> 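Next up is a structure, given as structure tokens.
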Amino acid sequence: MRLNEELCMKFPAVLREKLLKGEIELPDTTEFDYKKLLTYRAVARKADDNREVTLEDFKSYFELKKTPKSPRGMLKVDLSKDPHYYGVSSFLKKEIVEQKMKFPNPNKKMAVGYVYKEGGPQETKTKDQHVCWWLYSNADVSGFKLWEG
Amino acid sequence: MEKEQCFCIENNILYLEQVLVDYMDIPIFFLCKDQSQYYVVLCTDIDALNYIIVKVALGEVYGLLHGKIPMRNVILEQKEYWEVISGEEISLDTVIRHGIASLDTAVLPEKEACFKILTDEMRIFVQKFDNDFLASENFSKTQKIIQEDDRWMIDETMEEFRIERFIVMEDYTFKIKLQHGRASTVNYEEKYGTDRKKATVLCKLQALEEWENEDTNNAAA
């Protein structure tokens, strides 16, 4: 799905450049006009860290990548060419995030909120209840709250 | 489709079988397999991409996938594990074998946390695994289940019947008692280590219709 320049300019710098140059395209199943979706996301938090959810919690692994090494267990793809790695994942079922929280490294808490169209386009895959959200620059994620349980 | 190479452990290439849990799209708990052996892999550091790996028996994979064995226990119950400090390529990994007693349990999943099948994708994988598992040598023996008085007996002389599915497995070890001087029937309870109410076996054959009314526990939800 090729996007016009005006739309590309809404995204953060790295994704924006990739889209403008045609190096990546968003999947054809991406939706720009959709009803808001209640989703759950695991965010890295120590047990006593109750800071509000911010855009920092919505950085993709690719943005945060701290090592040139590639994770194991992933299909061998050039991550820089897969648009999903510029999006952030959340899930339609909280049990999926609860399962991730059973693993201590890093310690996590669950954030819950709405993926909404003004924040950016999304792609939902019902087979794994996964929502990939491509956030616009300075999207407002203050609607996401830590789940008290 | 060619499977993804993940690790090389003592000259065995481990290929990705299935990601069970991920975080930020990074697999943190997954199954690998070499030519015949399953391994459970846990990512202990998502920044440094360090892993621990254990060999697991087929029955333990079944128990893991169906929530019978906690995720933590499937690792702790092994005698040894491999610590992998990953390199930029598999050939550059540092792989160290340790006795399980040296494992820092703080890196493991929470106590009593069992794996849950939460998506259609996972359900499909588990069903395929179950089909392969039940077709394995553990269950290749054809048996007829008959009722004799109050006891359920397996007539091992019968060849045309087959256990189609063995849904509830309380015990993965079999105790077989041969009754000398009789046709080779064995007591079902003694064979499977479970009592009739707990153990559930489905057979499609008409002669054993009575089993179809037994309560079943479809562990692959």
Side-chain angles (χ1 to χ4, degrees), chain A residues 40-45 47 56-77 79 82-111 124-133, chain B residues 1-7 14-32 41-51 53 70-72 84-90 92-93 105-124:
Chain A
Y40 305 85
R41 175 171 166 83
V43 296
R45 287 282 195 285
E56 280 301 302
D57 297 307
F58 282 85
K59 291 212 162 143
S60 66
Y61 180 80
F62 190 79
E63 286 178 277
L64 292 171
K65 203 158 182 264
K66 299 174 185 176
T67 169
K69 299 188 286 188
S70 294
R72 302 300 165 82
M74 296 177 74
L75 295 177
K76 212 171 216 70
V77 292
L79 296 182
D82 185 337
H84 294 95
Y85 291 100
Y86 297 88
V88 291
S89 293
S90 56
F91 296 88
L92 300 174
K93 283 171 79 164
K94 69 175 173 61
E95 290 81 3
I96 295 174
V97 175
E98 284 173 345
Q99 183 144 262
K100 297 175 197 294
M101 290 166 64
K102 304 294 184 191
F103 293 79
N105 281 297
N107 215 55
K108 310 166 198 67
K109 295 192 177 188
M110 179 154 56
T124 297
K125 290 185 179 172
T126 50
K127 67 174 176 137
D128 57 5
Q129 301 289 299
H130 176 261
V131 177
C132 183
W133 195 19
Chain B
M1 189 167 66
E2 202 175 315
K3 293 201 172 180
E4 183 67 26
Q5 291 186 22
C6 292
F7 303 98
L14 273 56
Y15 296 89
L16 175 65
E17 188 68 11
Q18 180 67 32
V19 177
L20 301 179
V21 183
D22 62 41
Y23 171 63
M24 293 187 74
D25 301 313
I26 306 306
I28 57 173
F29 190 63
F30 51 103
L31 286 175
C32 284
V41 182
L42 173 69
C43 180
T44 54
D45 188 325
I46 201 170
D47 293 326
L49 297 177
N50 295 337
Y51 301 87
I53 301 174
M71 294 184 281
R72 178 187 186 92
V84 177
I85 302 165
S86 67
E88 290 194 30
E89 297 173 11
I90 293 174
L92 299 175
D93 289 351
T105 57
V107 303
L108 297 176
E110 286 180 10
K111 286 183 183 177
E112 307 307 321
C114 290
F115 180 72
K116 293 182 181 177
I117 301 167
L118 295 170
T119 65
D120 290 341
E121 188 178 12
M122 193 58 64
R123 194 167 295 119
I124 289 167

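Bear in mind that the values here come from a model prediction, so they are computed numbers and not experimental data.
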> Chain A heavy atoms under 4.5 Å from E89(B): which part of the residue, side chain, backbone, both or neither?
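Just its backbone gets close to chain A.
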
> To check you understand the geometry: which heavy-atom pair defines the closest contact between P71(A) and L49(B), and what is its length?
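So the minimum-distance heavy-atom pair works out to N-CD1, 3.6 Å.
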
> Is the number of heavy atoms from other residues, nucleotides or ligands under 6.0 Å of E56(A) CD greater than 12?
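At most 12 heavy atoms, drawn from other residues, nucleotides or ligands, come within 6.0 Å of this atom.
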
> As an exercise, state the distance from NZ of K116(B) to CD1 of I96(A), rounded to the nearest 0.5 Å.
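Reported value, rounded in 0.5 Å steps: 11.5 Å.
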
> Side chain from CB out, backbone as N, CA, C, O: work out which of these in V21(B) comes under 4.5 Å of a heavy atom of chain A, or both, or neither.
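For V21(B), side-chain heavy atoms alone lie under 4.5 Å from chain A.
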
> Which heavy atom in M74(A) sits nearest to a heavy atom in D25(B), and how many Å separate them?
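Minimum heavy-atom contact is CE-O, 3.8 Å.
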
> Of the listed residues (I26(B), L16(B), L20(B)), which shares the most heavy-atom pairs with chain A below a 4.5 Å separation?
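Among I26(B), L16(B), L20(B), the one with the most close pairs to chain A is I26(B).
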
> Measure the spacing between NZ of K102(A) and CZ of R72(B) and express it to the nearest 0.5 Å.
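Nearest 0.5 Å value for the NZ-CZ distance: 12.5 Å.
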
> With chain A as the partner, which of L42(B), V19(B), D22(B) has the greatest number of non-hydrogen pairs under 4.5 Å?
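That would be D22(B).
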
> Against chain A, work out which of M71(B), E110(B), E17(B) has the most heavy-atom pairs shorter than 4.5 Å and name it.
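If we count pairs closer than 4.5 Å to chain A, E110(B) comes out on top.
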
> Minimum heavy-atom separation for R72(A) and Y51(B), please, with both atom names.
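What the structure gives for the nearest pair is N-OH, 2.9 Å.
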
> So which part of K93(A) gets closer than 4.5 Å to some heavy atom of chain B, the side chain, the backbone, both or neither?
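When you check distances to chain B, only side chain atoms of K93(A) fall under 4.5 Å.
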
> Applying ring pair (Phe, Tyr, Trp, His ring centres under 6.0 Å) to F29(B) and F103(A), what does each step give before you reach the verdict?
CA-CA 9 Å; F29(B) 190 63; F103(A) 293 79; 5.2 Å; yes

> About how many Å separate NZ of K127(A) and CD1 of I124(B), when rounded to the nearest 0.5 Å?
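Rounded to the nearest 0.5 Å, the CD1-NZ separation comes out at 8.5 Å.
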
> Indicate whether any N or O donor in one side chain lies under 3.5 Å from an N or O acceptor in the other, for N105(A) and T44(B).
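No, no side-chain donor-acceptor contact under 3.5 Å.
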
> Could you have a look at L14(B), L118(B), D120(B) and say which one has the most heavy-atom pairs with chain A under 4.5 angstrom?
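Answer, by heavy-atom pair count under 4.5 Å with chain A: L118(B).
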
> For K108(A), is it the side chain, the backbone, both, or neither that has a heavy atom closer than 4.5 Å to a heavy atom of chain B?
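Side chain of K108(A) only, per the 4.5 Å heavy-atom cut-off to chain B.
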
> To the nearest 0.5 Å, what is the distance between CD (Q99(A)) and OG1 (T119(B))?
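If we round to the nearest 0.5 Å, Q99(A):CD and T119(B):OG1 are 9.5 Å apart.
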
> Which atoms form the tightest heavy-atom contact between Y23(B) and A44(A), and what is the distance?
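For Y23(B) and A44(A), the tightest heavy-atom pair comes out as OH-N, 3.3 Å.
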
> State, to 0.1 Å, how close C6(B) and G73(A) come at their nearest heavy-atom pair, and which atoms those are.
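Closest approach of C6(B) to G73(A), heavy atoms only: SG-N, 3.7 Å.
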
> Shorter than 4.5 Å, heavy atoms on both sides: which option in C114(B), C43(B), A113(B), S86(B) has the most such pairs with chain A?
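Heavy-atom pair counts peak at S86(B).
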
> Between A106(B) and P104(A), which heavy-atom pair has the shortest distance, and what is it?
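Smallest interatomic distance, heavy atoms only, reads O-CG, 3.2 Å.
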
> Is there a salt bridge (charged side-chain N to carboxylate O under 4.0 Å, His left out) between K69(A) and D47(B)? Walk through the geometry before answering.
CA-CA 10 Å; K69(A) 299 188 286 188; D47(B) 293 326; over 6 Å; no

